[in-house]
Number of protein chains: 2
Amino acid sequence: MKKGKRISDAVIRRLPKYYRYLGDLISSDINRISSSELSKLTGFTASQIRQDLNNFGGFGQQGYGYDTKRLHVEIGKILGLDKKYKVIIVGAGNIGQAIANYAGFYEEGFEVLALFDKNPKLIGLKIRDIEIKDVDDLAAFIKRNEVEFGVICTPKETSQDMADILTENGIKALWNFAPLDIKVPEHVSIEDVRLNESLYTLTYYYSRNNENTEE
Amino acid sequence: MKKGKRISDAVIRRLPKYYRYLGDLISSDINRISSSELSKLTGFTASQIRQDLNNFGGFGQQGYGYDTKRLHVEIGKILGLDKKYKVIIVGAGNIGQAIANYAGFYEEGFEVLALFDKNPKLIGLKIRDIEIKDVDDLAAFIKRNEVEFGVICTPKETSQDMADILTENGIKALWNFAPLDIKVPEHVSIEDVRLNESLYTLTYYYSRNNENTEE
DNA sequence: TAGATTGTTAATCGATTAACAATC
DNA sequence: TAGATTGTTAATCGATTAACAATC
């Protein structure tokens, strides 16, 4: 990729959508697409799509468009999806289990080594062959297995403590489902999934759409 | 609120964060806060916070700041959280169950009337006193109960069909967890929770942070 | 070659930040 | 009153869109 230019978060967050549609196109045996066709699929403008992609290199060809397979591979590389990741999930409630169960997670190279919980009723159970372990063994397990990715699915109250244990033992990326802003050291990447905030945004637009029709 | 001004999506998506921190402050018996203190909590600039709030009215007081309780109530109203909503969840897998189980959902006025699934093993079971019903009864149930909100937790393949049934029977807001862009009629509000896209953004930043240290 | 479509620069638009008068 | 902090206008910054030359 080009040196020196800072790429904005807005651009990065559009890449996974390109990646997904390109995957769909490949599944449909379509091996070529123009920025204007991709615009119709994604809802982004053709100009924006070309701008976005050219942050990382010239993947297209004048007069032709983009090769879907090549572009899918390239965006995958940019997003880091060409590598395998060792993952643990902390909190084996519904959300933790949902993630452990999600097949797409494996297909993109995320290998869930274990779930952790403090509930004795859950410890020892298996989700998709993945054992639920005692949260007391967390630190040792991370070090021993050189785990890189952690998913936080614990309640709000304990999530920061769990995150601290994870980062202190070498985890470098956290995917957080607890409804709070987790603090991490500078070298650790974090992505907060803000379900509450997503829901409240929906109620806002719903209320706005229906404010004249309510009795 | 002020008439005529179009409020950007970026502003709306910051409101839930204010709302959350204000709730925390109230729980800590703090009843006053300035934009600069709120800035430290949220990470947004004080100027931006004042701008955001003034889109909806002058909730503060010069020389004093904002009354946490009042601001919490006002933002709640803006987001539509002062009302109750009748909700159904389609798909009673892990994610559907997680949402049905999430207590915060009820506290903010979301009443889950039922879950729906096509799996006979799940039909008839209860999650937190909420029955899992046969997806065949979906249309009739929505009409009979005047359900307003639908949560889509079905697999990618069936999600658009489910969404169509919901909107055809009068549901006006969809919270979608399936990894695709669901199409809805204009008058329906939709919020897609894009977990894949969130995860891939994390891998991007993780890869970027660690690209020099990898062997 | 002619047509199509990219890559890229320039123009526009909108969002964020800064500044400060108003006022509690 | 003096100090603090909002509400709001103006300035800046960044992101999106438009335009078109390059080129396959």
Next on the checklist: Please report the interatomic distance NZ(Lys83(B)) to CZ(Phe110(B)), rounded to the nearest 0.5 Å.
Outcome noted: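 Lys83(B) atom NZ to Phe110(B) atom CZ measures 11.0 Å (nearest 0.5 Å).
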
Item to check | Lys NZ or Arg CZ of Arg14(B) over Phe44(B) ring: under 6.0 Å, within 45° | outcome: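 Here Arg14(B) passes the 6.0 Å and 45° test against Phe44(B).
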
Next on the checklist: Is the terminal nitrogen or CZ of Arg70(B) (NZ for Lys, CZ for Arg) located under 6.0 angstrom from the six-membered ring centre of Phe59(B) and within 45° of that ring's axis?
Outcome noted: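 Arg70(B) over Phe59(B) ring: no.
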
Spacing of [X] atom [atom1] relative to [N] atom [atom2], expressed in whole Å:
X        : N      : atom1 : atom2 : value
Arg32(A) : dT5(C) : CZ    : C1'   : 9 Å
Asn55(B) : dT6(D) : CG    : P     : 16 Å
Glu37(A) : dA4(C) : CD    : P     : 13 Å
Phe56(B) : dG7(D) : CZ    : P     : 14 Å

Next on the checklist: Could you check whether Asp192(B) pairs with Arg194(B) (Lys NZ or Arg NE/NH1/NH2 to Asp/Glu carboxylate O, under 4.0 Å)?
Outcome noted: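 So Asp192(B) pairs with Arg194(B) through a salt bridge.
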
Next on the checklist: I'd like to know if the side chain of Asp52(A) pairs up with that of Gln48(A) as donor and acceptor (distance under 3.5 Å, no hydrogens or angles considered).
Outcome noted: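 No - no donor-acceptor pair under 3.5 Å links their side chains.
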
Next on the checklist: Whether the Tyr204(B) and Arg208(B) side chains hold a donor-acceptor pair (N or O, under 3.5 Å, no angle test) is what I'd like checked.
Outcome noted: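 There is such a pair (donor and acceptor under 3.5 Å, judged by atom type) between the side chains of Tyr204(B) and Arg208(B).
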
Atom pairs, protein N/O to nucleotides 20-22 of chain D N/O, distance under 3.5 Å:
none

Checklist entry - Looking for any heavy atom pair under 4.0 Å, which part of the strands does Ser47(A) touch: base, sugar-phosphate only, or nothing? => result base

Next on the checklist: Taking any heavy-atom pair under 4.0 Å as a contact, classify Phe59(B): base, sugar-phosphate, or nothing.
Outcome noted: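 Touches sugar-phosphate only.
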
Has the side chain of [X] got a donor or acceptor atom that lies under 3.5 Å from a matching backbone atom of [Y]?
X         : Y         : result
Arg32(A)  : Tyr64(A)  : yes
Lys86(A)  : Asn145(A) : yes
Asp117(A) : Ala92(A)  : yes
Ser34(B)  : Gly65(B)  : no

Item to check | Lys69(A) atom NZ: more than 12 heavy-atom contacts under 6.0 Å | outcome: no

Checklist entry - Looking at residues 64-72 of chain A, who's got a heavy atom less than 4.0 Å off DNA chain C? => result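 Contacts with DNA chain C under 4.0 Å: Tyr64(A), Gly65(A), Tyr66(A).
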
Checklist outcome for this item: A correct dot-bracket answer for DNA chain C, with pairs being Watson-Crick or G-U at under 3.5 Å, [ ] for crossing pairs and | for inter-strand pairs, is ..||||||||||||||||||||||

Item to check | Partners meeting side-chain hydrogen bond (donor to acceptor under 3.5 Å, both in side chains) with Ser189(A) (sequence neighbours left out) | outcome: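 For Ser189(A) the side-chain hydrogen bond (donor to acceptor under 3.5 Å, both in side chains) partners, ignoring immediate neighbours, are Asn209(B).
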
Item to check | Contacts of type side-chain hydrogen bond (donor to acceptor under 3.5 Å, both in side chains), residue Tyr200(A), not counting sequence neighbours | outcome: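 Here the qualifying residues are Asn196(A).
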
Next on the checklist: Check the phosphate of dT5(C) against Ser35(A), side-chain N and O only, distance under 4.0 Å to OP1 or OP2. Yes or no?
Outcome noted: no

Close N/O contacts between protein and nucleotides 10-16 of chain C (under 3.5 Å):
| unit_1 | atom_1 | unit_2 | atom_2 | d |
| --- | --- | --- | --- | --- |
| dT16(C) | OP1 | Arg14(B) | NH1 | 3.2 |
| dT16(C) | OP2 | Arg14(B) | NH2 | 3.1 |
| dT16(C) | OP2 | Gln48(B) | NE2 | 3.4 |
| dT16(C) | O5' | Gln48(B) | NE2 | 3.0 |

